[in-house]
There are 2 protein chains.
Amino acid sequence: MPKYELDRIFQALADETRRSMVERLVRGPASVSDLARPLEMSLPAVMQHLQVLEACGLVRSGKSGRVRTCHIQPEGLRAAQEWIAAQRTSWERGLDRLGDYLAEEPQAPDQGLEKRSTS
Amino acid sequence: MPKYELDRIFQALADETRRSMVERLVRGPASVSDLARPLEMSLPAVMQHLQVLEACGLVRSGKSGRVRTCHIQPEGLRAAQEWIAAQRTSWERGLDRLGDYLAEEPQAPDQGLEKRSTS
DNA sequence: CTCATACTTAGGCACGTACTTAACTATTCC
DNA sequence: GGAATAGTTAAGTACGTGCCTAAGTATGAG
């Protein structure tokens, strides 16, 4: 799991066309033409989006005859979701600590753990 | 919730610097200088990343005196996480259907619901 | 063999992104 | 008031992204 994997995964998901390709592929495998049909753009453009999705590991594909069949690889989605979940958890822990602080010390506004411009 | 919000949110998260700013901000508010200190880049560069995070609604900030204090706005993280969760759910439903299919019709390989090249 | 299908490659263009340095504005401290 | 602090604006550069058209390759059908 290389360090810049999340860069590439989020980058891949940052495009409506590629998200719609993912939305299609979670329902089952599809050929390149299947993916291209609803997308008002040229086939080479679809191929490029597909390459982005493959480069970050979200999609895999293999060729059989003249048809390339694509299927999703859900591991990358899980990694992205987990990063977001970790941030939201951390944020909620912060709210809890704030709650504790307000509950425990309603009249002793402690100060001294904060940022002091160390420069 | 405009249609291209997810574009901007995923785009914002597709950068290690901005993710590290989010990781900092989920632990509590911070000034621009606080955000910049661990980031080996100029202050204007940090400002630009901050603007990206604000433009997609992940962060808000306000100025008091000469200090701008930034804090996270978790709504966007939730929206991104939910899109991913929906795809993963859809994918898992597909696995379930496949399991049902294999369990119900182990010797009658039904065909006819699949993609037929309609072109 | 011949033709249509299903990609694939190459090249090019417009625009976007991630920085930089230099110069400027507002606040706070002495 | 004058200097340090915190942030902001402007302009420029290098590289990345998302499309296109045109021309190619490989496979399947007749």
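Naming convention: chains lettered A, B, ... in sequence-line order (proteins, then strands); numbering from 1 in each chain.
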**Fill in**
In whole angstroms, the gap separating C1' of C/dT28 from CZ of B/Arg68 amounts to 18 Å
**Prompt:** In whole angstrom, what separates B/Leu39's CG from C/dA18's P?
**Reply:** 14 Å
**Asked** Contacts to DNA chain D from residues 47-61 of chain A, heavy-atom cutoff under 4.0 Å, which residues?
**Response** A/Gln48, A/His49
**Request:** Decide yes or no on salt bridge (Lys or Arg N to Asp or Glu O under 4.0 Å) for A/Glu82 and A/Arg78, but give the supporting numbers first.
**Result:** CA-CA 6 Å; A/Glu82 281 183 358; A/Arg78 195 183 58 73; 2.6 Å; yes
**Prompt:** Between A/Glu40 and A/Gln11, who's closer to the 5' end of DNA chain D by nearest nucleotide?
**Reply:** A/Gln11
**Asked** Taking the inter-plane angle between the rings of A/Trp83 and A/Phe10 on a 0 to 90° scale, is it parallel (under 30°), tilted (30 to 60°) or perpendicular (over 60°)?
**Response** perpendicular
**Request:** Rounded to the nearest angstrom, tell me the gap between atom NZ in B/Lys63 and atom P in D/dT9.
**Result:** 8 Å
**Request:** Could you state the atom-to-atom distance from CG of A/Asp34 to C1' of C/dT5 in whole Å?
**Result:** 13 Å
**side-chain hydrogen bond (donor to acceptor under 3.5 Å, both in side chains) partners of A/Ser33, counting only residues at least two apart** = none
**Request:** Could you walk me through whether A/Glu16 and A/Arg19 pass side-chain contact (heavy atoms from CB on, under 4.5 Å), step by step?
**Result:** CA-CA 5 Å; A/Glu16 165 68 20; A/Arg19 283 200 307 280; 3.0 Å; yes
**Message:** Could you tell me how far apart B/Arg8 (CZ) and C/dT17 (P) are, to the nearest whole angstrom?
**Reply:** 11 Å
**Prompt:** Is there a donor-acceptor pair closer than 3.5 Å between any side-chain N or O of A/Ser90 and the backbone N or O of A/Ala86?
**Reply:** no
**Prompt:** If you round to the nearest 0.5 Å, how far is CG of B/Leu6 from CG of A/Asp15?
**Reply:** 12.0 Å
Any protein N or O atoms within reach of nucleotides 21-26 of chain C? Criterion: under 3.5 Å, listing atom names and distances.
none

**Item:** Phosphate OP1/OP2 of C/dC7 contacted by A/Ser31 side-chain N/O (<4.0 Å)
**Value:** yes
**Message:** Please pick, from D/dA6, C/dC7, C/dC19, the nucleotide with the shortest atom-to-atom distance to any side-chain atom of B/Val67.
**Reply:** D/dA6
**Residue of the set A/Glu23, A/His49, A/Gln48, A/Gln11 for which side chain to side chain donor-acceptor pair (under 3.5 Å) holds with A/Arg18** = A/His49
**Prompt:** Ignoring hydrogens and geometry, is there a side-chain-to-backbone donor-acceptor pair from A/Arg24 to A/Leu35 under 3.5 Å?
**Reply:** no
**Complete:** Of the listed D/dT8, C/dA18, C/dC7, the closest approach to the B/Asp15 side chain comes from C/dA18
**Asked** Transitively linked via ILVMFWY side-chain contacts under 4.5 Å: B/Val26 with B/Ile84?
**Response** yes
**Request:** Nearest whole angstrom, please: distance from the C1' of C/dC15 to the CG of B/Asp7.
**Result:** 16 Å
